[in-house]
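Take a look at the structure below.
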2 protein chains.
Amino acid sequence: MDMTWDDLRTVMALVRHGSLAGAGAALSVNYTTIARRIRRAEEASGEVLFERLSDGYRPTDAALLIAEHAEQMEQAEHGLMRRLKGAETHLSGILTITAPQLLIASFLSPVLDQFTRTHPDVELRVLATNELLDLSRREADLAIRVSRAPGDALTGLRLLYQDSASFANADWAARIARDPQTQINWVAYDSFPDVPKGTNPDYPNQKVRFRFDDMVAMVGAAQAGLGIVRMPMFLGRTNAGLQQVPVLAPQPYPEIWVVGHPDVWPSAKLRAFRGVLIAHCKAHKALFVA
Amino acid sequence: MDMTWDDLRTVMALVRHGSLAGAGAALSVNYTTIARRIRRAEEASGEVLFERLSDGYRPTDAALLIAEHAEQMEQAEHGLMRRLKGAETHLSGILTITAPQLLIASFLSPVLDQFTRTHPDVELRVLATNELLDLSRREADLAIRVSRAPGDALTGLRLLYQDSASFANADWAARIARDPQTQINWVAYDSFPDVPKGTNPDYPNQKVRFRFDDMVAMVGAAQAGLGIVRMPMFLGRTNAGLQQVPVLAPQPYPEIWVVGHPDVWPSAKLRAFRGVLIAHCKAHKALFVA
DNA sequence: TCCGATCCGTGCGAAAACGCATGTATGGAT
DNA sequence: ATCCATACATGCGTTTTCGCACGGATCGGA
């Protein structure tokens, strides 16, 4: 009847991923190890935990029960790891941060550079993604986000206010300046698929010509001359070949925040990183507003 | 930074027991294994978890933090094990019950006997103790208790009402019958150290002569003629050499209950055991009351 | 129809974890 | 002062666990 805690965790991983290989990858062990542990767990509990099907393992009710409770255990473990990290006072080891790709590419690189120079024993792991990683589950220690609020039960600091405006390449900028009546093609964001509101009435012929789901691509599209793009000012200013065009006047854009879980927030590494980050933001705040 | 769940459990055990040997016994492993796992955990976490002192291991703050969260994990594990046990439908494996020694010795043995005969594949573990074991922590599956309520968050059934009365050996019984004025020596229970209230005024010379902390010993004392004892009627009636004496009239005594955690209560094994138990109690209820 | 991608089971040798025996230090009781 | 009980550290041989390589089964697309 006695089962190892690690076997409970293994059952949970297999329930989650549905295959030995997936569970093995999640736990960083060979998949045969998963199979063996599952067999052990079945012997220990006296219950059949999975049906072996040709396309994977299907959990029985008993396995689902185990998985449910193992998730509670996992939550406790995450809480522990956060608290341990938060109590760290040494400036060494791994620090994981996440930020949108574009912010890293166009603005944050100097922060990363300076931080690793100042604290050479800290191994900085950077997750460049627009996804909102789960800081409770320790997917990252610190997140730099573009949004109006830190959200959830997270601690946060506002780093920057920013405005957006319309940008295009030199050809477009010249053409628009020459003839306000010209046909103006917008490259729009998937989630805001229309011509932005509040455009300058001097330019009557506007039309959405492309829709993209990714801002990186949109910057490229603007550079290549596919049309004009509404983007944060810092993006237009830092990417070569782009010029601001007067089609859409600057307007407030979601702020930039740094957020973290309150458990890990006090850690020395996080504190140090925030220091460098905040200094850099203060020094360049003019880049972000009109 | 990654730590095995079993290592977290090991840290918790060492914090609890204070010594490698104690923790090893609790986890049924050699104490050297505890030492190795602690070293592993310290390497994985990068924290010193224990001070090695001459009289044992003293936990650091980090270890206490781990232990705290590991206890949450343990609670989840206990909840799981209860649910798994409660869902069992087969009549095999281990069933653990607890009851006061005297109830087992004087009354319950036939229940145990019949149950194991009827269900030969169930291994019955009997914890004969007056201590209130923690059914949430699976110290036992089912408890037979002498008290007015099932307590806590437990499910329970009342098995029997019972009365108490005064008992003594044949010598004392004869002497009391011959001369009501004789000096009557009480053997009292430690927690009720006085002559019981409501004694028969026909016997004026009563005095507490001994105090015991254990009812088993008190039965023996009564048999040996040390004095008269207030005890449940079934005890006086089932133990050889004892007779009821009219010094203290029968009066209600705490009821006998069977209690269990609601999670495990539905299990087939528990259900079967309760069946045998209840039948036996019904058949012999007259033994318990005046 | 064939090929490739995913599954999983099995057997073997390497690596890790474990139990046991031995030796040392400390503190309390006789 | 001596003896004994408790508590750890260390080294060695054994057991257990693990990763890897190989083979079989299934499914879907070219």
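For clarity, every value in this text was computed on a predicted model and none was experimentally measured. In what follows, chains are A, B, ... by sequence order, proteins preceding strands, each numbered from 1.
- Regarding contacts with the backbone of dA9(D), a side-chain N or O of Y57(B) is found under 4.0 angstrom from either OP1 or OP2.
- Within residues 10-29 of chain A, the residues having any heavy atom closer than 4.0 Å to DNA chain D are, in order of number, V29(A).
- Atoms CG (D55(A)) and C1' (dC8(C)) sit 11 Å apart, rounded to a whole Å.
- D213(A) has its side chain out of reach of M218(A): every pair of non-hydrogen atoms, C-beta onward, lies at least 4.5 Å apart.
- In this structure, R271(A) is not positioned above the aromatic face of W265(A) in the sense of NZ or CZ being under 6.0 Å from the six-membered ring centre and within 45° of the axis.
- In terms of phosphate contacts, R40(A) brings a side-chain nitrogen or oxygen within less than 4.0 Å of OP1 or OP2 of dT17(D).
- The separation between I34(B) atom CD1 and dT6(D) atom C1' is 17 Å, rounded to whole Å.
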Considering only distance and modelled atom types, tabulate donor-acceptor pairs under 3.5 Å from the side chains of residues 9-24 of chain A, sequence neighbours left out.
from	atom 1	to	atom 2	distance (Å)
R9(A)	NH2	E77(A)	OE2	3.4
T10(A)	OG1	D6(A)	O	2.8
T10(A)	OG1	R37(A)	NH1	3.1
R16(A)	NH1	E74(A)	OE2	3.1
R16(A)	NH2	E74(A)	OE1	2.5
H17(A)	ND1	A13(A)	O	2.9
S19(A)	OG	G22(A)	N	3.0

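- Side-chain contact check for F273(B) versus L124(B): some heavy-atom pair is nearer than 4.5 Å.
- For the pair R58(B) CZ and dT26(C) C1', the interatomic distance rounds to 15 Å; values are reported in whole Å.
- At the heavy-atom level, R52(A) lies under 4.0 Å from the strands shown only through sugar-phosphate atoms.
- If you run salt bridge (charged side-chain N to carboxylate O under 4.0 Å, His left out) between D263(B) and each of R82(B), R138(B), K85(B), only R82(B) comes through.
- The aromatic rings of F115(B) and H119(B) are tilted relative to each other, their planes meeting at an angle between 30° and 60°.
- As judged by a 4.0 angstrom heavy-atom cut-off over every strand, R36(A) is placed among the base-contacting residues.
- Phosphate proximity of dG19(D) to T33(A): present, with a side-chain N or O under 4.0 Å from OP1 or OP2.
- Applying the 3.5 Å distance criterion, the base of dG19(D) shares no donor-acceptor pair with the side chain of Y31(A).
- For dC18(D), the OP1/OP2 oxygens have no side-chain nitrogen or oxygen of T32(A) closer than 4.0 Å.
- Here the P atom of nucleotide dT16(D) and the CG atom of D7(A) are 15 Å apart, to the nearest Å.
- Rounded to an integer number of Å, the gap from R39(A) CZ to dC8(C) P is 12 Å.
- Here the C1' atom of nucleotide dT26(C) and the CG atom of L53(B) are 12 Å apart, to the nearest Å.
- Following rounding to the nearest Å, I38(A) (CD1) and dT17(D) (C1') show an atom-to-atom distance of 15 Å.
- Under the 4.5 Å side-chain criterion, counting only non-hydrogen atoms from C-beta, L64(B) is not in contact with T60(B).
- Per the geometry, CG belonging to N30(A) stands 16 Å off C1' belonging to dT16(D), to the nearest Å.
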